[in-house]
Structure formats: structure tokens, C-alpha cells
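See below for the structure under consideration.
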Amino acid sequence: VRTIAAVLKKCGNSKVLTEGRHIHQFLVQRGLNKNVFLSNQLIQMYGKCGAVQDARKVFDSMHRQRNAFSWNIIIAAYNLQGLLKEATELFEQMPHRNVVSWTTMIGALCRHGYVEKAMELFKEMPQRNVVSWNAIIAGYAENEQGVSALELFEEMQEEAMKPDKVTFLSVLKACASLGAIEQGRAIHNQIIRNRLLLGIMVGSAVVDKYAKCGSMEEAYIVFKSLPIQNVITWGAMIEGYAQKGDAEMTWHCLYDMNLKGIKADEVTFSSVLAACINAGLVDEGRWYIKSMRANHGLTPDVRHYTCITDLLSRAGCLYEAETLLEGSDEPD
RNA sequence: GGCCAUCAGCGG
């Protein structure tokens with residue numbers, strides 16, 4: 001049972017629906033489909049594969065066997081597809097909502113931009129844990145309401161709720177979008193004081209925050225101190241230099257990351273092109289967008305064409321911009 | 001007891 005569960009989980013995470021269906025059939029044949037634990041895994045597997053209808057069938061077939069997990073999982077499945085209405089209906093029908101159910105809905109509402117509604121739920125819910133706090137803080141941070149995010153962060157600590165690494169991620173993001181360098185430093189110090197080692201995720205957020213606040217020196221110090229550097233940490237550095245129009249350092253990073261065996265991706269190149277715009281380097285821009293295909297096996301998409309058109313039209317090369325767009329396979 | 005919610009770089 002444990003191994004079947006693990007396989008189902010893998011199917012969900014790697015979205016291999018056909019394999020998942022086979023296991024489902026197998027479970028039916030063996031009469032194991034009455035197992036609540038496995039049924040929950042099935043719902044989750046279908047949900048992650050985007051097959052909400054199948055997930056729902058399993059859920060419905062459970063009848064009175066359903067537990068809080070089943071409900072939470074099916075609600076999350078609808079939310080994953082952006083089906084907020086259906087998720088809300090189930091949430092309202094759910095008999096014994098727990099902290100996870102509430103938090104799931106808070107996250108979903110925030111993802112749709114309904115932060116105020118999420119806040120209502122947050123206040124209404126009977127008890128909150130660190131994840132609930134994280135969800136609402138991330139919601140404000142995502143919806144460019146960094147100030148509220150930071151206020152909530154204060155509030156949570158007044159209520160003696162200990163922030164964890166996800167909390168720090170969200171508030172650092174809020175600082176980054178606000179350009180709040182001092183607040184950001186304070187949070188960085190707090191992370192250090194809490195002896196939370198900078199893992200790759202929080203570490204990238206710290207780097208990004210310093211970069212967005214324009215302090216590339218501090219960004220670099222943290223960057224170097226991280227256990228590993230990946231495409232995202234490099235990307236945060238490159239974006240920082242790009243925003244400053246520091247083309248030199250942008251090229252340097254791009255070169256360096258390749259040396260270290262980290263492959264630049266589409267996001268990296270949209271920053272590189274942004275650097276070209278900010279530094280007014282038309283030839284380099286032309287070269288890098290070609291280099292994406294030629295040297296990196298990447299396909300430029302709308303983001304890159306937007307940059308290059310911007311760059312070319314600023315330089316007065318409108319005709320060239322048009323021909324470039326016609327040659328691309330992007331509709332816009 | 002085990003299975004569910006919050007999660008880092010560009011644009012959207």
C-alpha cells in the first residue's frame with residue numbers, strides 16, 4: 001500500500017496520467033479502491049494531472065468514507081485548475097473544515113487577486129498556523145501590496161507566531177518589490193539571528209531583494225555565500241545588473257554561469273535583453289537574441305521579441321523590428 | 001499512525 005501510494009504520488013508530480021489510470025484500474029481489480037488512504041492519493045494524482053473530473057469521480061465514489069483529507073485534496077484539485085467557484089462550493093459544503101481547508105481557500109483567493117476576500121476568511125477562520133499566515137502574507141506580496149504584507153509579518157510576530165522560511169521568502173519578496181532596503185536588511189539579519197541557514201530558496205530571495213534594491217555589492221556577498229548557485233540565483237544577479245544598465249557585469253555573469261555549467265534559460269535572456277535596452281546597446285541585443293537559438297538551444301518567445309522590438313524601435317530601426325517579428329512564430 | 005494547504009529570478 002505504501003509503495004502504491006508513492007507511485008501514485010510520482011504520477012501526480014510528473015503528470016503521467018496514463019500510468020496513474022493503470023494503477024487505478026489495478027486498485028479496482030484488487031478491491032483496494034475502498035482504501036481511504038489510497039483513494040485520497042488517487043484524487044490527488046488526478047488533480048495534479050489536471051483531470052479534475054476523474055478526481056471528482058473518485059471523491060464521489062467514496063461516499064461516507066471521505067475524511068478531511070479527501071475534501072481538502074479535491075478542493076485543491078479544483079483550485080489547481082483555477083476553478084475557484086467549484087472549490088468554493090465544496091469548501092462551503094465541507095462538514096468539518098480544518099485549518100488546511102481554510103488556508104487552501106485563502107491561497108486560491110489570493111491567486112485570483114481577491115486578497116480582501118482572503119483576508120476576511122483569514123479573520124474568520126477558527127485558528128491559524130504558520131502556513132495560514134504565510135498564505136495571506138504571500139497573497140499580499142504577490143498582489144503588489146508589500147506594505148500590508150510587511151504589516152502582517154509584524155502582526156504575526158506580535159501574536160508569537162514564529163516565522164519560517166516560507167514567511168521569510170514572502171516578506172523578502174515584498175521588500176524587493178517595494179525597494180525597501182532597510183526593512184530587507186533587518187529581515188536578512190533576523191534570518192541570520194534565527195540561525196536559519198540560507199537554503200537555495202530563501203538565499204535567492206535575499207539576493208533578489210538586494211539586487212532589486214540596487215545594492216549589488218550586498219547581493220553579491222550573499223550570492224557567493226550560498227551553498228550552491230543555480231539558474232535562479234544567477235538570474236537574480238543578472239536582472240539586478242540589467243536594471244542598472246550595467247552591461248559589463250551582465251555579460252560577465254552570463255559568461256561566468258556558463259563556465260560553471262549553469263545553463264542560461266529564457267528568463268536569463270529576457271534580463272540580458274533588458275540590459276541591452278537599459279544600456280542602449282542595439283548590436284548586442286541583436287546578437288544575443290540570435291545567440292539564444294544558436295548557442296543555447298533556446299527559442300525566443302514574446303518576452304524576448306517585446307524587448308528586441310523595444311530596443312530596435314528606440315534606435316529607429318522600425319523596419320528591422322517588423323521583419324524580425326514576421327520571422328518569428330509568435331502570433332503577436 | 002501514514003496521505004492535504006503557504007514557496008525563489010524576467011514578462012504576463
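Only a predicted model underlies this, so the values are computations on that prediction, with no experimental measurement involved. Just so we're on the same page: letters track the sequence lines, and every chain starts at 1.
The footprint of chain A on RNA chain B, defined by a heavy-atom cutoff below 4.0 Å, extends from B:G2 to B:G11.
Counting any heavy atom pair closer than 4.0 Å across all strands shown, A:T268 reaches a base atom. Within the nucleic acid shown, A:K209 has no heavy atom closer than 4.0 Å to any nucleic acid atom. Residue A:N230 is classed as a base contact, given a heavy-atom separation below 4.0 Å to a base. At a threshold of 4.0 angstrom between heavy atoms, the contacts of A:T103 include nucleobase atoms, whether or not backbone atoms are also involved. Here A:N40 lies in heavy-atom contact (under 4.0 Å) with a base. Within 4.0 Å (heavy atoms only), A:V36 reaches no atom of the nucleic acid at all. If you check every strand for non-hydrogen atoms under 4.0 Å, A:E266 touches nothing. At the heavy-atom level, A:A274 lies nowhere under 4.0 Å from the strands shown. Within 4.0 Å (heavy atoms only), A:I200 reaches at least one base atom of the nucleic acid. Within 4.0 Å (heavy atoms only), A:R111 reaches sugar-phosphate atoms of the nucleic acid but no base atom. Using a 4.0 Å heavy-atom distance criterion, A:D265 is classed as a base contact. Using a 4.0 Å heavy-atom distance criterion, A:N79 is classed as making no nucleic acid contact.
In this structure, A:W133 has its ring center closer than 6.0 angstrom to the ring center of A:F122. Checked against a 6.0 Å centroid threshold, the rings of A:Y210 and A:H188 count as neighbours.
A:Q93 and A:E89 form no side-chain donor-acceptor contact under 3.5 Å, judged by distance and modelled atom types alone.
Side-chain contact between A:S177 and A:E144 is absent, with no heavy atoms from C-beta onward closer than 4.5 Å.
Using bins of under 30°, 30° to 60° and over 60° for the plane-to-plane angle, the ring pair A:F269/A:Y288 lands in the tilted bin.
The side-chain hydrogen bond (donor to acceptor under 3.5 Å, both in side chains) pairs that include a residue from residues 101-113 of chain A are A:N72-A:S101, A:N98-A:S101, A:T103-A:S132, where partners are two or more places apart or lie in different chains.
Taking every heavy atom of both residues into account, A:P300 and A:Y305 meet most closely at O-CE1, 3.6 Å.
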